Amino acid sequence: MEKLGIPSVPLATKSFADLAKSNASKRGMPHIRACFTPHPVWGKTAEQLMAYVEGDDPVSGRPLMKEIIDGLTVPLSADDTKTGMMEVNVGPPVYGPDTLDGLQRHFLDNGMTDFLPVIIPTPEKVEAMLKGTSHHPDEVIGKMAAGAYAAWSYNVRQVAVNAVMAGCEPEYFPVVLAVASSGMAALGSSTTSFAYSMVINGPIRDKLNMNYTIGAMGPFAQPNAAIGRAWTLLGKNLGNGGIPGDTYMGSQGNNTNYNNIVIAENEKDSPWTPYHVQKGFKPEENVVSLFAGEDIRQGHGARRAGVLENPMFDDQISDIFRTLTSQFDALVICDPLTIKRLVEQGYDTKEKLQQWLWKNTTRTAKDYRDSAFVYTFHYPRALRGEEPYKTWYSCPEDTQIPYWPKPDNIVLVCAGGQTNPFFQVGNLTYRTSVSVDKWM
Amino acid sequence: MGIPSAPIVTKAFKDLAILNAAKRGMPHERICFTQHPVWGKTPDELHAYIEGQDPVSNKPFMKEVVDALTVPLSDDEKKSGMVTVSVGPPTFTDTAENLQDFYLNNGYTDFLPVILPTEEKVDAMLKGTTHHPDEVVGKMAAGAYPPWSYTVRQVAASAVMAGCRPEYFPILLAIASTGIASLFSSTNSFAFSMIVNGPIRDKLEFNYGIGSLGPFAQANATIGRAWTLMSKNLGNGGIPGDTYLGSVGNNLNYNNVVIAENEEASPWDPFHVQRGFKKEDNVVSLFRGLGVVPGQVARGSSANENVQFDYQLSDLFSTFTGFFGALVIADPLVAVRLKEQGYETKEKLIDWLYKNTTQTVKDYKSRNYAYLFDYPRALRGDEPWASWYKMPDDAVIPHFPHASDFNIVVTGGQTNAYPQAANMSYGVSASIDKWM
Amino acid sequence: MDRRKLLSLLGMSPALLAGARTQAQQHDKPSKNGKSASPAEAHFTALNPKGAPPPVKLIPMAPRLDSIHGKTIYLVDTGFMSGGVLLQQMQIWFQKNDPDTTVVFRKKAGPYMEDDPALWKEIKEKGNAAIMAIGH
Amino acid sequence: MNRRKLLSLLGMSPVVMAAESALAAQSEKKPVAPVTTHPALARLATGPAKITTVNPKGTPPAIQLIPMAPRLDSLDGKTVYLVDTGFHGSDMLLQQIQEWFKANMPGVTTVFKRKAGPYAQDDPALWKEIKEKGNAVIMAVGH
């Protein structure tokens, strides 16, 4: 707006005071005249909000409306009209020499970790990591931002430093590079506390000894643990994410952000097509597919379990879908035993089950519209005329509508150790698949 | 008991069954194996299992069963006495790099880098408490195994490894003293959580503001992680196929869900005060269950400006198991709004949620966990399950058996009025001050 | 946090903020924790794990109005919960306190992080100033 | 994995398995590097310094060996209890076993019982009944 020559005043609530300032700076207007109301606005009555309008700006302590009018009318200072480029400094290329303890503390105190011990990225260790790829250390491989900020760029060496810190072995490096090349950060800057997940396919799962059997998603194998953790460190150090109040705004946070949800698909015990093959890769290719969304939840609470000797997993999965948001998709993780049972029920392909689940998981338009997420994310798209949201907002309240626009919004993968036919459901959306082989 | 017995186990549990019998003192128990799985098979298929071979011994299955009951015992099988289990030497010496690998390869870690527990570092950790290093703190087991015991010093080693500072140590001792492991040997993939209350939250700079459940503070990160390392090292948990059997696993097991309550921004009594502690007491309360889900996805979150968090939470609970409780994790904005709606206390909200979160008996009986966990209790006559199983299909019953299955904690940075909720049950609260 | 501290945390040079010429700033040396009695006392060098932030292009702010009297001000709702109600209260405030000012309320189309070029065009053509509610 | 290897993983001495006298077993595991280097010397050396770290493991309890119950000469004319611990499908499996006995060893009396209470808990009433009326037990603990 300012670029268009129209004086403007952004109005935010007090909780966003730091964010609004640092954000404006990153966009090149360090002196923007932001005004603030008390927090929150949501859930307040019109009378309460009028009191906000007639009251003081809680940041400046001056009457809010005076702040706003001054913001639009007080002449600009020299700083306000400055143009040019401003460099952002991230410190020297190396730290030390210092003791390992001293360096451990330095990395921790400077926000370069997830607050857990790291392997100190000495030149030797980074060199060893770089041997895990044929790519040149100086090759610039991508850009990452933790939200709607200017993205930071990085090269192979900078990715290696973070891979060392997370505890990766050099053989894992191509997977980490593939993730980094996607430019997707595992820490978003929304007030929602997002979760992130990756599905790994191909022979590399066995080469790296990834765990896809008992405890597949838990702390039971180094590649699963370290690769997942590296993604978060990439988000912090390469994408400048994860600074609470600045580039991280999730009100309550998400425990899965430590290591992200790493799923090596159990291709061996699954009668279904592996996920990367569904995405058009060959079975022998190594691929990492990235997801973002809300959380992952277990299927135990589902109704229609069929109780005795006849478990109906299609019904159960559909029942769990009822408390997911349509803003994100569904990533269903099935133990091989669950899949065997589903195949016996007639779902001999993932596509058949996707189709059934999509058709049979519906709700009324009234329930659909009665959701905070739908209001924030879908309603504006409906206003813009986007389908199917426009129809979903204009149809009668009692119309049954699906949870997602297409069967493809439901993703099925296999992981687990066959100790019990369980399943879990992530409210997560597929973003992209990246070849790992390209980064070998 | 003096009665010969033949346990039948499916092939998937072979290693587990043998190890388990050994831990109970019968290293030679005669276990017969069938194909896996049994669940979902037809009578004809099961008949074929029985007529077929034991997939482990490759001998006819029923011959194995009959032999197990009738072939005379060998000398080994008659043996009694005590066997000691060794965990290796008290210290290891090598380069830092080799030791990092050694700890990882020997299952002492969560497969992520640790601070190596040198004697100097362990001694520094021990300065975090007045308790004697040799004092036995408690016993822990990852399931129905004989528990291992541990001293203050042994707890300190895991605390160092996780990256804790000495001032965090009393919290770890409090957790260790409960004997609850954060890795459990069920085929379910359980999750664990802790609530920290009292002035120690500020003293240790716990994060209970923006991103409180995420990787944004050393105290939250390392204390949560230390619980899992203690469960592995002190409780012998987390060995897949032996003491860990969760089929699919749980990402929350890395650091557990550490919740420092935002007591300052909450309009309600803090959790430890609800449990009978004083406000100035420092307390850690432990939970176990399935996981954490976000609340803003549920219905009742309202497309207009009149958000109804009570309905929203209740809707969210409809896919929870009633076997575990419901832990509401409310951002202070949510709590303040609920208070404005008339829930002056946590207890009032719990009362509403308990009464208004219901299901039909038909739906209840169709739930997986009901058959697995509740039906056997009903058989034994335990209430309310015994009554629920006798009611007509269309009777409406509470989703959770008791109002005490609900708990509420307030945490978060007030950037948005979002609640989260965990399908988790309260276990126990332990005083941290006792371990200072 | 004051603006200067906040910006220096971002790595933005205080020199620049004081109006001096842009220059790269040297980062503080790591604290030497010399006390350690650990045998791992040898000193090591470690690489900086940070990526390369792009330089930030400074954008001059638009010239301010002499007064808002008689001008047209757009109140833009970016779509967060209740932002619209807040701006409607503000519209009422203007009607009461400064009736000569024309106040136009608009809800931005599209998700909150996406632009609405049609609206920006309209404001450019018909408006003199804008107030945007980006809060919650 | 064979039984011996499995048990040695547990830290149980192979000596015990080989039927010698039950005595406290020393671990077979070698420490990674038995040589202790004085830290001061290590620092002078060109290679990386060696350090000493403590073993983080807790103390496992000693295991009381339980002699197995004497076996029967034959199942003929005996009463065998089939105990279902409540996992999905195990009741059906035991019913199939019951039919197998009827068809192949009709001299055996079989009694099918579902254990009451959650799977991890004992059912003392049932144990008492078996002790009084049964001669042998087949327990399905699988899945």
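Each chain gets a letter, A, B and so on, in the order its sequence line appears, and its residues count up from 1. The shown structure was predicted, so the numbers you read here are calculated from the model rather than taken from an experiment.
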A.B. asks: Please flag which part of L290(B) lies under 4.5 Å from any non-hydrogen atom of chain A: side chain, backbone, both or neither.
C.D. replies: both

A.B. asks: Where on V257(B) is there a heavy atom nearer than 4.5 Å to chain A: the side chain, the backbone, both, or neither?
C.D. replies: both

A.B. asks: Heavy-atom distance under 4.5 Å to chain A: side chain of A330(B), backbone, both or neither?
C.D. replies: backbone

A.B. asks: Could you check whether R369(A) makes a cation-pi contact with Y393(A), meaning its NZ or CZ is under 6.0 Å from the centre of the six-membered ring and within 45° of the ring axis?
C.D. replies: yes

A.B. asks: I want to check a possible cation-pi pair here: R363(A) against Y403(A), using under 6.0 Å from ring centre and within 45° of the ring axis as the test.
C.D. replies: yes

A.B. asks: Under a 3.5 Å threshold, yes or no: a donor from one side chain and an acceptor from the other, between N256(B) and T228(B)?
C.D. replies: yes

A.B. asks: Select one option (side chain, backbone, both, neither) describing which atoms of N260(A) are under 4.5 Å from chain B's heavy atoms.
C.D. replies: backbone

A.B. asks: If I measure from the heavy atoms of chain A, does K362(B) come under 4.5 Å with its side chain, its backbone, both, or neither?
C.D. replies: neither

A.B. asks: Hey, could you give me the CG/CD distance between L116(B) and Q100(B), rounded to the nearest 0.5 Å?
C.D. replies: 5.0 Å

A.B. asks: Can you tell which part of K236(A) gets under 4.5 Å to a heavy atom of chain B, answering side chain, backbone, both or neither?
C.D. replies: side chain

A.B. asks: Which atoms of Q327(A) are under 4.5 Å from chain B, going by heavy atoms: the side chain, the backbone, both sets, or neither?
C.D. replies: neither

A.B. asks: Could you report the tightest heavy-atom contact between D319(A) and T319(B), atom names first, then the distance?
C.D. replies: O-CG2, 3.5 Å

A.B. asks: Would you kindly say whether T191(A) and S251(A) are connected by a side-chain donor-acceptor distance under 3.5 Å?
C.D. replies: no

